[in-house]
Amino acid sequence: MSAVAASAPGKAVLLGEYAVLDGAPALVMAVDRRARVQVSPCASRDSRVEVPQLGLAPVGFRLADRGEIAWQGSEASQPSFQRARALLEWLLASERSRPPGRSGLRICIDTGDLYQVTSTGPTKLGLGSSAAMTVALAGALAVYSAPVSMAEQLDWLTRELLSPYRAGQGGRGSGIDLAASLHGGVLRFQLGPQGVSAVPIDLPKALKLAFVWTGEAASTPAFLDRYAHWTASAPVEAERMRQSLGECCQAAMETLRTDDASGLMTCINNYRQLMGKIGDLAGLPVVSEALNEIARVASAFGLACKPCGAGGGDLAMLAGIDEQALELACDSLASRGWSRLRLDAAQQGLRVEQGRA
């Protein structure tokens with residue numbers, strides 16, 4: 001039986017965090033660091049999942065006729081495995097991604113490109129490792145089970161994957177990271193009454209980006225949960241904030257239409273200030289002290305800066321039109337302990353290859 005290898009890129013949210021949850025347009029870029037999954041047959045009925053970044057031994061299971069999974073061993077109950085476990089249970093219960101018969105599977109999941117190795121072990125960089133893993137795993141299982149064209153596969157995954165993925169985030173996430181991993185490139189992403197819109201878009205030609213890791217990992221689901229509690233408890237303030245965020249997002253989209261790099265830089269700085277206000281009002285460290293200091297350095301070099309994602313740590317994005325200023329700012333930040341991540345746009349999203357085991 002043929003083995004299947006799949007990969008999907010991580011993401012960097014360029015603008016629209018929080019606002020995207022209320023229907024505002026947001027910008028996301030797929031990045032050239034990928035999650036990789038390989039699905040291959042086993043000689044016996046016993047299957048196993050290997051996820052080295054979780055620090056667990058291979059997790060064993062057996063697959064029944066209708067896709068029910070009988071997990072084996074204590075590793076399947078570890079908290080760090082629950083996201084992968086829920087995803088596998090959903091995928092293998094679906095006829096579209098359930099392998100025929102009950103022969104064993106070896107599933108290898110590698111998200112190492114989306115982690116930073118530190119003295120305390122692998123740490124998430126904030127590049128959407130969960131979404132990239134979700135897309136790569138779903139794509140690999142779908143092709144392993146019933147080979148179809150990439151167009152058919154992307155259509156099915158786009159329609160069917162968002163709901164279970166958002167459920168894994170407690171229903172709080174928008175799915176913007178999932179769209180980046182599926183489609184690649186730079187996307188204008190929006191939630192609307194008719195569903196999800198993810199449209200390829202070009203950034204201004206003169207705009208240059210750099211990404212700096214704060215050294216602090218952040219939990220997006222935890223931030224979104226606390227943000228939701230704040231919006232429910234302070235509806236008037238929350239509505240004013242939604243309006244301000246939405247107006248900034250719309251202004252940014254206009255700069256893309258006119259290829260206005262300087263105008264987009266202004267929107268990026270304005271959005272950082274709004275994210276800081278969210279933090280003040282909701283009692284969240286959205287723009288942490290590290291992110292504030294990174295923004296001050298960026299400003300000294302004439303650059304725009306904002307958190308890249310829900311905030312609290314992870315990535316800072318620097319934007320400018322002067323390549324030398326960008327390099328000097330990154331050198332200055334590196335001297336203070338904040339290293340640059342060399343990230344480029346990944347033009348291709350999900351990629352699947354079939355071979356022989």
Side-chain angles (χ1 to χ4, degrees), residues 7-14 17 28-37 50-56 78-84 108-137 168-169 173 176-178 180-181 184 209-224 272 275 285-295 297-298 303 305-319 326-327 329-346 349:
S7 70
K11 58 76 187 165
V13 179
L14 307 184
E17 299 90 340
V28 65
M29 183 177 80
V31 300
D32 57 350
R33 294 194 179 205
R34 304 180 76 89
R36 305 176 193 280
V37 172
E50 300 170 12
V51 194
Q53 281 71 41
L54 298 182
L56 299 176
Q78 293 298 313
S80 61
F81 186 68
Q82 296 314 295
R83 191 82 179 262
C108 301
I109 301 171
D110 182 3
T111 55
D113 276 0
L114 305 168
Y115 281 72
Q116 180 86 353
V117 178
T118 68
S119 58
T120 58
T123 301
K124 285 186 177 183
L125 288 167
L127 295 175
S129 59
S130 294
M133 181 269 290
T134 296
V135 170
L137 179 58
Q169 293 183 313
I176 190 171
D177 46 359
L178 198 77
S181 295
L209 301 177
F211 300 90
V212 173
W213 189 47
T214 66
E216 304 169 2
S219 171
T220 295
F223 270 57
L224 295 183
R272 182 192 75 248
M275 291 179 76
V286 174
V287 183
S288 64
E289 186 52 44
L291 286 164
N292 267 322
E293 183 59 28
I294 290 169
V297 172
L303 304 172
C305 179
K306 63 174 285 293
C308 207
D314 288 339
L315 291 181
M317 179 184 74
L318 280 60
L326 206 61
E327 294 292 334
C330 288
D331 288 345
S332 177
L333 290 168
S335 71
R336 303 173 190 219
W338 294 307
S339 57
R340 180 177 184 176
L341 288 183
R342 295 284 177 176
L343 299 175
D344 289 317

Identify, with sequence neighbours excluded, every residue that meets side chain to side chain contact (heavy atoms under 4.5 Å, CB included) alongside [X].
X: Gln78; result: Leu56, Ser80
X: Ala217; result: Thr123, Asp314
X: Ala334; result: none
X: Ala310; result: Tyr18, Thr220, Phe223

Taking every non-hydrogen atom, the tightest pair across [X] and [Y]:
X: Thr111; Y: Ala35; value: CG2-CB, 3.8 Å
X: Leu291; Y: Gly312; value: CD1-N, 4.1 Å
X: Ala8; Y: Ser181; value: CB-O, 3.8 Å
X: Lys11; Y: Gly126; value: NZ-O, 3.4 Å
X: Trp213; Y: Lys124; value: NE1-O, 4.0 Å
X: Met133; Y: Ile109; value: CG-CG2, 3.4 Å

Can you name the residues that form a side chain to side chain donor-acceptor pair (under 3.5 Å) with [X], not counting sequence neighbours?
X: Arg340; answer: Glu327
X: Glu50; answer: Arg48, Arg106
X: Arg342; answer: none
X: Ser7; answer: Arg34

Return the set of residues passing ring-ring contact (aromatic ring centres under 6.0 Å, His included) with Phe81 (not counting sequence neighbours), or none when no residue passes.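 Checked Phe81 against ring-ring contact (aromatic ring centres under 6.0 Å, His included); matches are Trp71.
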
Evaluate the side-chain proximity of [Y] to [X]: yes if any heavy-atom separation is below 4.5 Å, no if none is.
X: Val31; Y: Pro9; value: no
X: Leu315; Y: Leu127; value: yes
X: Leu303; Y: Leu326; value: yes
X: Ile294; Y: Cys305; value: yes
X: Met317; Y: Leu14; value: yes

* **Set of salt bridge (charged side-chain N to carboxylate O under 4.0 Å, His left out) partners for Lys306, sequence neighbours left out** =>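 Listed in chain order: Glu17.
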
List for me each residue that meets salt bridge (charged side-chain N to carboxylate O under 4.0 Å, His left out) alongside Asp110, sequence neighbours excluded, and say none if there are none.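 Salt bridge (charged side-chain N to carboxylate O under 4.0 Å, His left out) check on Asp110 returns nothing, list empty.
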
Practice task
Could you go through the side-chain contact (heavy atoms from CB on, under 4.5 Å) check for Val28 and Asp177 one step at a time?
Solution key: CA-CA 8 Å; Val28 65; Asp177 46 359; 6.0 Å; no

Can you tell me how far apart [atom1] ([X]) and [atom2] ([Y]) are? Round to the nearest 0.5 Å.
X: Leu209; Y: Leu318; atom1: CG; atom2: CG; value: 9.0 Å
X: Cys308; Y: Leu125; atom1: SG; atom2: CG; value: 11.5 Å
X: Leu54; Y: Gln82; atom1: CG; atom2: CD; value: 10.5 Å
X: Arg33; Y: Asp344; atom1: CZ; atom2: CG; value: 10.5 Å
X: Leu114; Y: Gln53; atom1: CG; atom2: CD; value: 8.5 Å

